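Only heavy atoms go into these numbers, but all of them, side chains included; no hydrogens, no water, no symmetry mates. Worth saying up front: this structure is predicted, and the values here are computed from it rather than measured. Count residues from 1 along the sequence.
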Amino acid sequence: MIDETGNAVASAVSKNLEVDGLDAKYSRETVLSVRRWSDSLFSFVMTRPAHFRFTAGQFARIGLEVTGSAPIVRAYSVVSSPFAETLEFFSIVVPDGAFTSRLKDLKVGDHLLLERIPYGYLTLARYQEPVPQDLWLLATGTGLAPFLSILQDFAVWQNYQHIVLAYSVRTIEELAYVHEINALAATFAEDGGATFQFIPIVTRDSSFALHERLPVLIQSGLLEQSAGIQLDVARSHVMLCGNPQMVDDTRSALKARGLIMNRRGVGNIAVENYW
Ligand SMILES: Cc1cc2nc3c(=O)[nH]c(=O)nc-3n(C[C@H](O)[C@H](O)[C@H](O)COP(=O)(O)OP(=O)(O)OC[C@H]3O[C@@H](n4cnc5c(N)ncnc54)[C@H](O)[C@@H]3O)c2cc1C
């Protein structure tokens, strides 16, 4: 069972295990590489079973086996393209966090559980009206993950005219994947395809060009100025992912500009809270 935040409810997992056994729900995957960005951020790549098919923007549920009790399971957005042979994830380390205080010691060759099906609706398929024109991807921290997957789909670059990726972190050390983002732009932003604006934001460094929180940058107009396009109810698809406070405040700032939540295919704003 998944609670309202997408995380596992331990008692429900153990019940499920009694009924189905571990293998009915999870496959056991092998860690192929680990990359550490800072003390509190790392990425890892693991094997991808043939049955695990997902849409860019969805999340997986990853488990750590614990001797004598039910596995600890958490939701993780997939960083990889749906066409990749392996699965990459981008993780925070929460001091005393039940999952990440163990996961932080992950090494090549370790095993992780992967729930057999993906979840989530932070996908571009949800947008029907307005038709694709401008895509705004607004992330805090590890909320970047689903957008990296979305940006690896060639069709996205063909379908949209403008793509903006705003990525907000606290310190410059937390700006992970910058090289990869620039490489994506170089690969996909071709003649005739979408224009691309990458907007890094560092909130605890007032010397950084953009250092205010995303909702403030929307209210002041600075985000649009940096993007070179306007937020517009008739043109914008806006996805928000990461810190729930950012998601709430940014959603309010966007609504104040006339944008509406996307429901049943219609509307501008789609969100995913990480806790
Ligand atoms: C749909 C969905 C997708 C997610 N995708 C990712 C992902 O791609 N990468 C990732 O690192 N986490 C992701 N998370 C969060 C993840 O599921 C766990 O919460 C996280 O791994 C911490 O687990 P924990 O048991 O150590 O701490 P928890 O007990 O789960 O969390 C403790 C506290 O840590 C803080 N926290 C939790 N997650 C984060 C985070 N990502 N960044 C900053 N602070 C956090 C919050 O204050 C939270 O209350 C996602 C969550 C959801 C619901």
Side-chain angles (χ1 to χ4, degrees), residues 6 43 45 48 52-61 75-91 117-169 175-190 193-201 214 223 227 229 231 235-243 246-247 250-251 254 259 261-262 265 267-274:
S43 296
V45 176
R48 175 179 181 178
F52 190 83
R53 292 164 190 266
F54 66 97
T55 303
Q58 284 194 300
F59 65 93
R61 292 175 36 75
Y76 269 81
S77 302
V78 185
V79 167
S80 318
S81 149
F83 307 105
E85 289 180 1
T86 55
L87 292 174
E88 179 167 350
F89 300 95
F90 178 30
S91 183
I117 49 170
Y119 296 89
Y121 300 100
L122 194 71
T123 61
L124 292 176
R126 64 180 296 147
Y127 285 113
Q128 283 147 33
E129 266 181 59
V131 294
Q133 294 167 88
D134 300 342
L135 177 62
W136 296 76
L137 305 171
L138 312 184
T140 54
T142 52
L144 175 72
F147 301 151
L148 291 173
S149 184
I150 286 171
L151 288 172
Q152 291 176 74
D153 185 349
F154 184 69
V156 175
W157 296 82
Q158 292 303 304
N159 291 346
Y160 285 89
Q161 293 164 26
H162 304 284
I163 299 176
V164 178
L165 172 65
Y167 172 28
S168 177
V169 297
L175 266 185
Y177 283 104
V178 171
H179 174 77
E180 287 75 7
I181 291 165
N182 289 328
L184 276 172
T187 306
F188 290 107
E190 296 173 349
T195 66
F196 180 63
Q197 285 297 327
F198 173 43
I199 305 178
I201 300 159
L214 275 160
L223 189 73
I229 56 172
L231 290 160
R235 295 187 57 91
S236 303
H237 293 174
V238 189
M239 289 181 151
L240 314 178
C241 188
N243 180 319
M246 175 284 279
V247 169
T250 306
R251 180 171 34 201
L254 292 168
L259 274 64
M261 291 303 291
N262 179 277
N268 313 99
I269 310 167
V271 308
E272 189 146 271
N273 285 317
Y274 270 8

* Asked: Would you say Thr123's side chain and Gly57's backbone share a donor-acceptor pair under 3.5 angstrom?
  -> no
Here the gap from His237 atom NE2 to Ile269 atom CD1, rounded to the nearest 0.5 Å, amounts to 11.5 Å
Taking every heavy atom of Tyr127 against every heavy atom of Val238, the minimum-distance pair comes out as OH-O, 3.1 Å
*Please tell me if the side chains of Val247 and Glu272 come closer than 4.5 Å, counting only heavy atoms from C-beta onward.*
no
Main-chain N/O of Asn262 paired to Arg126 side chain as donor or acceptor, under 3.5 Å: yes
Value for CD (Glu129) from CG (Asn268), rounded to nearest 0.5 Å, stands at 10.5 Å
Determine whether a donor-acceptor pair (N or O, by modelled atom type, separation under 3.5 Å) exists between the side chain of Asp134 and the backbone of Ser236. no
For Arg53 and Arg48, the nearest pair of non-hydrogen atoms, with its separation, is CA-NH2, 3.8 Å
Worksheet item: So, do Phe52 and Pro118 sit near enough that their side-chain heavy atoms are less than 4.5 Å apart?
Response: yes
Closest heavy-atom pair, Gly141 versus Tyr167, reported as atoms and distance to 0.1 Å, is O-CE1, 3.4 Å
When every non-hydrogen atom of Leu240 is compared with those of Arg251, the smallest separation belongs to CD1-N, 3.9 Å
Practice problem: Check whether any side-chain heavy atom of Leu223 lies under 4.5 Å from a side-chain heavy atom of Val164, and answer yes or no. | Solution: no
How are the rings of Tyr119 and Phe59 set relative to one another: parallel (under 30°), tilted (30 to 60°) or perpendicular (over 60°)? parallel
Inset, instruction - State, with a plain yes or no, whether a side-chain heavy atom of Trp136 is found less than 4.5 Å away from one of Ile229. - result: yes
Between the CG atom in Leu151 and the OG atom in Ser81, the distance rounded to the nearest 0.5 Å is 11.0 Å
So OG of Ser77 and CG of Leu122: to nearest 0.5 Å the spacing works out to 7.5 Å
Taken to the nearest 0.5 Å, the spacing of Leu165 CG from Leu135 CG works out to 9.0 Å
From the list Phe188, Phe147, Trp157, ring-ring contact (aromatic ring centres under 6.0 Å, His included) partner of Phe196 resolves to Trp157
> Which is it for Val178 and Phe198 under the side-chain contact (heavy atoms from CB on, under 4.5 Å) test, yes or no, and what are the steps along the way?
Replying inline: CA-CA 9 Å; Val178 171; Phe198 173 43; 4.2 Å; yes
Shortest non-hydrogen pair, Ala227 vs Ile199, comes out as N-CD1, 3.7 Å
### Val78 and Gln58, any side-chain heavy atoms less than 4.5 Å apart
no
Examine distances only and state if a side-chain atom of Gln152 and a backbone atom of Val79 form a donor-acceptor pair shorter than 3.5 Å. yes
### Task
Measure the shortest side-chain to side-chain distance between Asn159 and Leu124 over non-hydrogen atoms and say whether it is less than 4.5 angstrom.
no
Value for CD1 (Ile150) from CD1 (Ile163), rounded to nearest 0.5 Å, stands at 10.0 Å
Nearest heavy-atom approach of Pro82 to Thr55 is CG-C, 4.2 Å
**Prompt:** Any donor-acceptor pair under 3.5 Å linking the side chain of Thr140 with the backbone of Asn243?
**Reply:** yes
